Amino acid sequence: MRKFEISGDSGVKHSDFCPPFSDYRDTKLMASGVARSFTVPDKGHKVFFKITPSGATFWVDDAKTAVIPSDVADGSAPEMNPAGRKVTPGQTLSVITSIAGAIVQAKYFE
């Protein structure tokens, strides 16, 4: 699995924020209101999510099966549209959306 590394600084205080392609990617075709799970692969320590269609909302839970939240005031709501997060190999991530036919992709890095 590739490491998530950023191109080197050119010495003039700017960076080419350009990570490599991940060599481990999973996708899930979503049904409205039905949670799907991703299992973090061996050596996976970072995950980046993307959803299509663009602008669609999805929720991710790293502790239990994700649900589309309504009013949650006890700190247990799933996270909405996370970009990148630290994870551990073997960890299960639960994902849900209300958009039938949406595709959620998880890209993993060391």
Side-chain angles (χ1 to χ4, degrees):
M1 181 167 300
R2 289 196 175 113
K3 290 186 176 187
F4 183 80
E5 297 178 328
I6 306 303
S7 300
D9 189 341
S10 66
V12 292
K13 305 295 184 201
H14 67 84
S15 179
D16 298 329
F17 185 75
C18 190
F21 278 99
S22 168
D23 60 356
Y24 199 108
R25 300 176 291 269
D26 289 332
T27 58
K28 301 287 181 178
L29 177 62
M30 305 297 290
S32 178
V34 178
R36 302 286 311 271
S37 64
F38 289 95
T39 301
V40 179
D42 290 345
K43 299 182 183 179
H45 292 280
K46 296 172 186 70
V47 63
F48 293 84
F49 291 100
K50 185 78 171 174
I51 188 169
T52 188
S54 179
T57 300
F58 66 103
W59 291 268
V60 178
D61 201 305
D62 64 338
K64 60 187 181 311
T65 301
V67 295
I68 297 173
S70 53
D71 289 337
V72 179
D74 65 359
S76 67
E79 191 166 346
M80 185 173 72
N81 293 354
R85 297 292 179 264
K86 288 184 180 182
V87 291
T88 57
Q91 183 177 5
T92 299
L93 306 170
S94 182
V95 179
I96 195 166
T97 184
S98 61
I99 309 296
I103 297 174
V104 175
Q105 183 177 64
K107 299 175 281 190
Y108 301 95
F109 292 89
E110 277 189 58

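This is a predicted model, so every value here is computed, not measured.
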Asks: Please confirm whether the backbone N or O of Tyr108 pairs with a side-chain atom of Ser22, one donor and one acceptor, at under 3.5 Å?
Replies: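 Yes; judged by distance alone, with no hydrogens or angles, the pair exists.
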Asks: What distance separates Tyr24 OH from Phe109 CZ, expressed to the nearest 0.5 Å?
Replies: 14.0 Å
Asks: When rounded to the nearest 0.5 angstrom, what is the spacing between CG in Asp26 and CZ in Arg36?
Replies: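 Between atom CG of Asp26 and atom CZ of Arg36 there are 10.5 Å.
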Asks: Does Asp74 have more than 12 heavy atoms from other residues, nucleotides or ligands lying within 6.0 Å of its CG?
Replies: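 Correct, the count exceeds 12.
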Asks: Does Thr27 reach the side chain of Val104, with side-chain heavy atoms less than 4.5 Å apart?
Replies: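 Thr27 does not reach Val104 side chain to side chain.
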Asks: Taking Asn81 for its side chain and Phe58 for its backbone only, find out whether a donor-acceptor pair lies under 3.5 Å.
Replies: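 Flag set: sc Asn81 to bb Phe58 pair under 3.5 Å.
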Asks: Of all the heavy-atom pairs spanning Arg85 and Ala83, show the shortest one and how long it is.
Replies: NH1-N, 4.2 Å
Asks: Can you name the closest pair of heavy atoms from Val60 and Pro82 and give their distance?
Replies: CG2-CG, 3.7 Å
Asks: Is the shortest side-chain heavy-atom distance between Thr92 and Phe38 below 4.5 Å?
Replies: no
Asks: State, with a plain yes or no, whether a side-chain heavy atom of Asp42 is found less than 4.5 Å away from one of Met1.
Replies: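 Asp42 does not reach Met1 side chain to side chain.
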Asks: Does Val87 form a side chain to side chain contact (heavy atoms under 4.5 Å, CB included) with Leu93? I'd like the steps, not just the answer.
Replies: CA-CA 9 Å; Val87 291; Leu93 306 170; 4.1 Å; yes
Asks: By side-chain hydrogen bond (donor to acceptor under 3.5 Å, both in side chains), which residues pair with Asp61, not counting sequence neighbours?
Replies: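 Asp61: side-chain hydrogen bond (donor to acceptor under 3.5 Å, both in side chains) contacts with Lys64.
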Asks: Are the side chain of Thr97 and the backbone of Thr57 linked by a donor-acceptor contact shorter than 3.5 Å?
Replies: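 It does hold such a pair.
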Asks: Does the Lys28 side chain pair with the main chain of Gln105, one donor and one acceptor, at a distance under 3.5 Å?
Replies: no
Asks: Do you know which two heavy atoms are closest between His45 and Pro89, and how far apart they sit?
Replies: CE1-CD, 3.7 Å
Asks: Are more than 12 heavy atoms from other residues, nucleotides or ligands located less than 6.0 Å from atom CG of Asp23?
Replies: yes
Asks: Given 3.5 Å as the limit, does a donor-acceptor pair link the side chain of Ser32 with the main chain of Ser98, or not?
Replies: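 Yes; at least one donor-acceptor contact below 3.5 Å.
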Asks: Does any non-hydrogen side-chain atom of Pro69 lie less than 4.5 Å from one of Pro78?
Replies: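 They are in contact (side-chain heavy atoms under 4.5 Å apart), so the answer is yes.
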Asks: Please give me the minimum heavy-atom distance between Pro53 and Ile99, naming the atom from each residue.
Replies: CD-CG2, 4.2 Å
Asks: Testing the basics here: between Arg25 and Lys107, what is the closest heavy-atom pair and its distance to 0.1 Å?
Replies: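 Heavy-atom minimum between the residues: CG-CG, 3.8 Å.
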Asks: Through direct or indirect side-chain contacts below 4.5 angstrom among Ile, Leu, Val, Met, Phe, Trp and Tyr, which residues connect to Ile68?
Replies: Trp59, Met80, Ile96
Asks: Just by modelled atom types, is the Glu110 backbone N or O under 3.5 Å from a matching donor or acceptor in the Lys46 side chain?
Replies: yes
